[in-house]
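Everything on this sheet refers to the single structure shown next.
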Amino acid sequence: MFLKKYKMNFIEELRWRGMIHDMMPGTEEQFAKEMTSAYIGFDPTGDSLHIGSLVQIMILIHLQKAGHKPFALVGGATGMVGDPSGKSAERNLLDNDTLNHNLNCIQKQLERFLDFNCGTNSAEMVNNYDWFKNMNFLDFIRDVGKHISINYMLAKDSVKSRLETGMSFTEFSYQLVQGYDFYWLWKNKNCKVQLGGSDQWGNIVTGTELIRRKGGGEAFACTTPLIKKADGSKFGKTEGGNVWLDKTKTSSYKFYQYWINASDEDAVNYIRIFTLKTKTEIEALEKEHTAAPHLRVLQKALAEDITIRVHSKEDFDAAVSASEVLFKKGAEALAGLKSMSEAIFNDVFEGVPQAEIALIEMEAGIAIVDVLVAKTNFLSSNSEARRALKENSISVNKDKIEEDSILTAKDLINGKYILIQKGKKNYFLVKVV
RNA sequence: GGGGGAAUACUCAAGCGGUCAACGAGGACAGACUGUAAAUCUGUUGGCUACGCCUUCGUAGGUUCGAAUCCUGCUUCCCCCA
């Protein structure tokens, strides 16, 4: 019956996209049987989600599109404890102000991706602090702890791997706290499935176990694989750290650039995971890409789709025009820069680091090394600047420059700017005031 | 409580009295080639007022003409015995 109403099978959908790592027996049948509520928890360790969490967001979107009901849980309580999964050392506890700030920020980001007002399968946002704030310790160890044995808890990888180096009771009990979340949602919200990253498997299973023993019910789990890049490096990291969803932390330009720079091999996987394009659409794109790889159709489609969905159409357009100007060669790029109106220019360079230099100083002339270091802090030491200049990696206004060059007012674009770059991708804008 | 060992740059890891700003590997950055890809090749990877100078080898002292290398105290970590 349910299948007839919604033509898309949730698990099938995730499967061809390569988004399933592990699944409990019966999970697929559960989704096929009826409209099912499922949840994913988000950790408030920072004040923004990053593109790693985007995978989980996509899962919830697919879930809702398939006609099921998504719960996005923010961990106001679990955030106070600290998940030991994948961590080799004890974590520092967040203070309450930071935690609340993070919770608010993350909640706002999540709201953007799901439909909270579409009838029976509207998304819901929950905070586990709500059911933990009045729970007292004795109740917890009597009503929850009694159902799960220490032996069972010790067998979890997240615990086992820490037995040598040590782990506080706080982190040890994390799986019970998260397990109780699942139990609570199962009991009060009829939530039968928990989804999440593969590192969450142990925690999730503690939940289903608790539901079985304490509630005599059945619950299910499905996890996504950890995303890896073809070259083995970490997904979602750049020189400057994490790629965040918040555009004040990662500018739209940089966000767009992250995706456009994906290798062919990675792009094939990413487009399945991070966009909602259909199988047919994706296969067509891949065909096109194979026929003319230098056009990078896949990367472009990927970057466009994600940037628009996470930021906005305007942000995407700005990022594209900035990229077009910045990645054109020599004279052409310079002409492009010169012909730009000030408004567009500012827009293009919004996400590019900048510094100001007084016009009088510029007119007097400044040695390139000083421009790179003392005046702008673009590079961190004179040695580094000299080295870079020797390596022929510094360009001023798209032209390679000599180590002993002196910049003057003549080098200003439209009398106002100088564009410096190190290598192909690192830009810096000097403004004259 | 007793005994033994270890701490070196972003990470791993040489060095055990001068030739050490410190071998090598990985990573990172850059150059060439390309497609703002991958692979490959090459260079760089403490600072400075720069063919010279200064500060670095857990920390504080000491021995010596001279120490990352030897000695002593301290800190941290590991192993063995109780």
Side-chain angles (χ1 to χ4, degrees), chain A residues 88-90 162-167 228-243 250-271 274 285-304 306-307 316 318-330 332-333 336-337 348-349 351-353 366-370 372-375 377-396 398-404 406 419-428:
Chain A
S88 55
E90 185 81 11
R162 287 274 294 278
L163 285 179
E164 284 284 317
T165 54
M167 165 182 231
K228 281 201 228 103
K229 295 209 289 185
D231 63 5
S233 58
K234 263 196 178 164
F235 168 77
K237 293 269 184 199
T238 64
E239 257 186 281
N242 278 325
V243 180
T250 300
S251 70
S252 300
Y253 169 76
K254 284 201 183 127
F255 189 84
Y256 171 79
Q257 282 290 327
Y258 184 80
W259 300 106
I260 207 86
N261 270 305
S263 68
D264 291 359
E265 220 171 321
D266 291 329
V268 169
N269 297 325
Y270 294 173
I271 201 153
F274 294 104
L285 281 168
E286 281 175 8
K287 220 173 191 179
E288 215 181 312
H289 188 273
T290 320
H294 60 282
L295 294 178
R296 288 179 298 137
V297 181
L298 272 176
Q299 284 90 338
K300 282 181 186 162
L302 177 72
E304 173 174 356
I306 305 179
T307 310
F316 164 72
V320 172
S321 46
S323 304
E324 271 170 6
V325 172
L326 294 177
F327 286 97
K328 269 185 189 154
K329 303 241 158 58
E332 208 184 336
L337 285 172
V348 164
F349 289 102
V352 173
I366 309 175
I368 180 65
V369 173
D370 291 333
L372 289 170
V373 185
K375 301 291 177 191
N377 287 321
F378 177 36
L379 303 183
S380 56
S381 75
N382 288 357
S383 303
E384 191 187 340
R386 292 212 177 84
R387 202 182 298 135
L389 287 159
K390 280 202 183 78
E391 285 169 344
N392 204 23
S393 66
I394 302 294
S395 303
V396 168
K398 306 295 291 185
D399 263 332
K400 296 290 182 190
I401 192 162
E402 303 280 322
E403 188 180 343
D404 49 9
I406 290 177
L419 181 66
I420 308 177
Q421 70 193 101
K422 171 171 175 265
K424 276 178 206 154
K425 295 172 190 175
N426 302 298
Y427 289 90
F428 194 90

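Just so it is clear: chains get the letters A, B, ... in the order the sequence lines come, proteins before strands, and each one is counted from 1. All values reported here derive from a predicted model rather than from experimental measurement.
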Watson-Crick or G-U wobble mate for [N], both contacts under 3.5 Å:
N	result
B:C29	B:G43
B:A7	B:U75
B:A82	none

Using atom [atom1] in both nucleotides, what's the gap between [N] and [M] to the nearest angstrom?
N	M	atom1	answer
B:C20	B:G66	C1'	13 Å
B:C51	B:C57	P	26 Å
B:G58	B:G52	P	28 Å
B:C74	B:G27	P	42 Å
B:U45	B:C10	P	14 Å
B:A37	B:A30	P	10 Å
B:A6	B:C54	C1'	31 Å
B:U69	B:U8	P	13 Å

- Report the nucleotide, chosen from B:C48, B:A30, B:U36, that has the shortest atom-to-atom distance to any side-chain atom of A:N426.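 Comparing B:C48, B:A30, B:U36 against the side chain of A:N426, the answer is B:A30.
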- Where the side chain of A:K424 is concerned, which of B:U36, B:A30, B:U44 is the nearest nucleotide? B:U36
- Of the non-hydrogen atoms in A:Y253 and A:A319, which two are nearest, and what is the gap between them?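 Looks like CA-CB, 3.9 Å.
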In whole Å, I'd like the distance from the [atom1] atom of [X] to the [atom2] atom of [N].
X	N	atom1	atom2	answer
A:N392	B:U42	CG	P	19 Å
A:D266	B:U36	CG	P	18 Å
A:H294	B:C33	NE2	C1'	16 Å
A:I260	B:A37	CD1	P	11 Å
A:E288	B:A37	CD	C1'	17 Å
A:K229	B:A28	NZ	C1'	13 Å
A:L389	B:A30	CG	P	14 Å
A:L379	B:C48	CG	P	11 Å

- Query: A:F235 vs A:W259 aromatic rings, parallel, tilted or perpendicular, using cut-offs 30° and 60°?
  - Reply: tilted
[X] side chain vs [Y] backbone, donor-acceptor pair below 3.5 Å:
X	Y	result
A:T307	A:E304	no
A:T250	A:F255	no
A:Y258	A:G236	yes
A:E403	A:K390	no
A:Y270	A:L302	no

- Task: Mark yes or no for a side-chain to base donor-acceptor pair under 3.5 Å between A:K422 and B:U44, with no hydrogen or angle criteria applied.
- Result: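 Absent.
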- Can you find a donor-acceptor N/O pair under 3.5 angstrom joining the side chain of A:E391 to the base of B:G43? yes
Starting at [atom1] of [X], measure out to [atom2] of [Y] and round the result to the nearest 0.5 Å.
X	Y	atom1	atom2	answer
A:L389	A:K422	CG	NZ	11.0 Å
A:F428	A:I394	CZ	CD1	11.5 Å
A:R386	A:E391	CZ	CD	14.0 Å
A:N261	A:K425	CG	NZ	3.5 Å

Contact class for [X] vs. all strands (heavy atom < 4.0 Å): base, sugar-phosphate, or nothing?
X	result
A:R387	sugar-phosphate
A:E384	nothing
A:K400	sugar-phosphate

- Query: For B:C41, is chi within 90° of 0 (syn) or not (anti)?
  - Reply: anti
- First encountered from the 5' end of RNA chain B, between A:S381 and A:Y256: A:Y256
Report each atom pair, protein N/O against N/O of nucleotides 38-40 of chain B, whose distance is under 3.5 angstrom.
none

- Item | Base-contact (B) and sugar-phosphate-only (S) positions in nucleotides 49-54 of chain B, heavy-atom cut-off under 4.0 Å, - elsewhere | SB----
- Item | Single hit among A:D404, A:I406, A:I401 for side-chain contact (heavy atoms from CB on, under 4.5 Å) with A:I368 | A:I401
